[in-house]
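Chain identifiers are assigned alphabetically (A, B, ...) following the order of the sequence lines, protein sequences preceding nucleic acid strands; residue numbering begins at 1 within each chain. Since the model is a prediction, treat every value here as computed from it, not as a measurement.
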Protein chains: 2
Amino acid sequence: MPRAIPTIPRKSASQERSRATVEALLDATARVLTREGYDRASTNRIASVAGVSVGSLYQYFPNKEALVAALVARHNREILELARDALKEVASLDLAAAVRAMVRAAVDAHLVDPALHRIFAEQVPRMGQLAKIEDLERETFLLVRSYLEARRKEISIRDLDTATSILVTTVEALTHQFVINKPDAMDGDRDRFIDEVTRLILGYLAPHRTAKPRK
Amino acid sequence: MPRAIPTIPRKSASQERSRATVEALLDATARVLTREGYDRASTNRIASVAGVSVGSLYQYFPNKEALVAALVARHNREILELARDALKEVASLDLAAAVRAMVRAAVDAHLVDPALHRIFAEQVPRMGQLAKIEDLERETFLLVRSYLEARRKEISIRDLDTATSILVTTVEALTHQFVINKPDAMDGDRDRFIDEVTRLILGYLAPHRTAKPRK
DNA sequence: AGACAATGCGAGTCATAGCTCGCAAATTCC
DNA sequence: GGAATTTGCGAGCTATGACTCGCATTGTCT
């Protein structure tokens, strides 16, 4: 007869075996989500795909929402890492090259797991804890803003916040749409797309130098 | 004993009373969706808010999906009407003024019912019949494309389809984000926003004339 | 007025999915 | 080895919500 009921924790896992369980659950969630969609992704199914019992699932995640939210968080962490790296490498380049590199990075970020990204965008209801899907954009905003601030002299912008917001929203929307509509895009298509977006951005940031990156 | 079972139709309503019922159901769906969100919007609740029985609901809509899809269709019809009108009035203006007018039209369209629009974007799963939420964008694409074609000489664009797609996606994303984040925007904010977007677009379409719409 | 069709009703059925609970197996620590 | 604890199990409880069905009311036509 254990004094403290061991079933209460429902929190973090400390031992090795349990961390593996949690990972398996997140992986399974991703797979079931992309295969079946959000509605059909029942906790029972997820647990069984993970090779884990429902009970175990609820030992680590209080509800389905939390489970999906954790997956979103994991996914966003990966993406943000990419973005940060890209921004570091870009610090030394001139504006045109920098913008182009950042657009390319955005495409790469969307190619991490397009199917999953699509589910997040199209099916996961943005409410409650799930609303933090948008945290990613807020972080990105700050990164881009600080970059623009450093380059302030090279660009013709009045309101930095507005410009940043426009840029982030635009690039995200365009990249998303491109990856969704052409999941099998050749490298050529990709480069052409990146060119166009770069032109769009540069025309906005530095309207006087006509930017024509591609021959 | 009626020969043909009258419960089969579950289709269109011909009499006056029934049309009213259908309208009431759509209105109630909109209200419940915006108030409670997609998940909490049960058919029972919708029917009761409409002042109609569940049975009647299912006489006109085979399932919840169809009900929401019908609402989406109605909403999109309104929006498209706005877009068409705007494009007609714009035919005679010069490029800069035309783009500005179209951006303004996009904002107006998003202001028809922002709360509902938001639910569609954030909570309604895009799958099955609901996937046709995107039909609106396809229609818009065609409208914009035909406009650009007429102005082809004034703009420096290689691939018309690509440009159209970029434009539509960009304006829709920016407008959406603006309306969602600043539901109570003053007219001043609105005009400043429209200016920025117009600059972005013009810089892309006609990079050589520096577009500076505002004083 | 009377017959038949269209429309409306809502209690009740049925399926599903989220979640719990009591127990078993594995780990850790002495 | 064995006590204590963490981890895992999965049958089953429960709530909920989509949807049906037999009947009542309203409308139409002659």
Side-chain angles (χ1 to χ4, degrees), chain A residues 1-25 28-29 32-33 36-70 123 125 128-130, chain B residues 1-25 28-29 32-33 36-70 123-125 127-130:
Chain A
M1 192 210 292
R3 286 180 190 174
I5 309 145
T7 337
I8 15 163
R10 181 131 42 167
K11 274 202 161 183
S12 55
S14 46
Q15 290 180 19
E16 197 43 50
R17 188 167 52 128
S18 53
R19 297 204 108 261
T21 303
V22 171
E23 284 302 305
L25 281 169
T29 305
V32 175
L33 275 180
E36 322 264 348
Y38 184 80
D39 292 335
R40 308 243 176 229
S42 71
T43 51
N44 287 308
R45 206 191 293 255
I46 290 173
S48 107
V49 167
V52 157
S53 81
V54 224
S56 298
L57 188 158
Y58 281 95
Q59 204 153 55
Y60 300 107
F61 303 98
N63 49 49
K64 180 180 170 179
E65 215 181 299
L67 178 58
V68 177
Q123 296 189 29
Q129 341 177 22
L130 271 323
Chain B
M1 190 211 291
R3 286 183 190 170
I5 308 143
T7 338
I8 17 165
R10 181 132 43 165
K11 273 203 160 184
S12 57
S14 46
Q15 290 182 18
E16 198 41 51
R17 188 167 51 127
S18 54
R19 298 204 107 260
T21 303
V22 171
E23 284 303 303
L25 282 169
T29 305
V32 175
L33 275 180
E36 323 265 350
Y38 184 81
D39 291 335
R40 307 241 176 232
S42 71
T43 52
N44 287 310
R45 205 190 295 255
I46 289 173
S48 107
V49 167
V52 157
S53 81
V54 223
S56 298
L57 188 158
Y58 280 95
Q59 204 152 54
Y60 300 107
F61 303 99
N63 50 50
K64 181 180 170 180
E65 213 180 301
L67 178 59
V68 178
Q123 296 189 29
V124 174
M127 54 189 324
Q129 342 178 23
L130 270 323

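The side chain of A/S53 places no N or O atom within less than 4.0 Å of a non-bridging phosphate oxygen (OP1 or OP2) of D/dG8. Contact annotation: B/S56 side-chain N/O to C/dT7 OP1/OP2 distance is not under 4.0 Å. For A/S18 and D/dT7, the shortest distance from a side-chain N or O to OP1 or OP2 is below 4.0 Å.
Rounding to the nearest 0.5 Å gives a distance of 6.0 Å between OG1 of A/T43 and CG of A/L57. In this structure, B/I46 CD1 and B/K64 NZ are separated by 6.5 Å, a value rounded to the nearest 0.5 Å.
Distance CG (B/L57) to C1' (C/dT7): 14 Å, rounded to an integer number of Å. One can place CG of A/L25 at 13 Å from P of D/dT7, the figure rounded to the nearest angstrom. Atom CD of A/Q59 is separated from atom C1' of C/dC23 by 13 Å (rounded to the nearest Å). Taking atom OH on A/Y38 and atom C1' on C/dA17, their separation rounds to 12 Å, with Å as the unit. D/dG17 atom C1' lies 14 Å from atom CG of B/L67, rounded to whole Å. Between the C1' atom of D/dC19 and the CD1 atom of B/I46 lies a distance of 14 Å, rounded to the nearest Å. Between the P atom of C/dT27 and the CZ atom of A/R19 lies a distance of 17 Å, rounded to the nearest Å. In this structure, A/R45 atom CZ and D/dG10 atom C1' are separated by 17 Å, rounded to whole Å.
Residue whose closest nucleotide on DNA chain C sits further toward the 5' end, between A/V54 and B/A20: B/A20. With the nearest nucleotide of DNA chain D identified for both A/N44 and A/V52, A/V52 has the one nearer the 5' end. Judged by closest nucleotide on DNA chain D, B/K64 is the one of B/K64 and B/R17 placed further toward the 5' end.
Annotation: side chain of B/D39 is not in contact with side chain of B/Q123 (no heavy-atom distance under 4.5 Å). In this structure the side chain of B/V68 reaches within 4.5 angstrom of the side chain of B/Y38, judged on heavy atoms.
Heavy-atom minimum distance, A/V49 versus A/A28: CG1-CB, 3.9 Å.
The side chain of A/S42 approaches C/dG18 more closely than any other nucleotide in the set D/dT28, C/dG18, C/dC9. Closest to the B/Y58 side chain, of the nucleotides C/dT7, D/dA18, D/dT6, is D/dA18. Distances were taken from every side-chain heavy atom of B/T21 (C-beta onward) to each of D/dG8, C/dT28, C/dG8; the shortest belongs to C/dG8.
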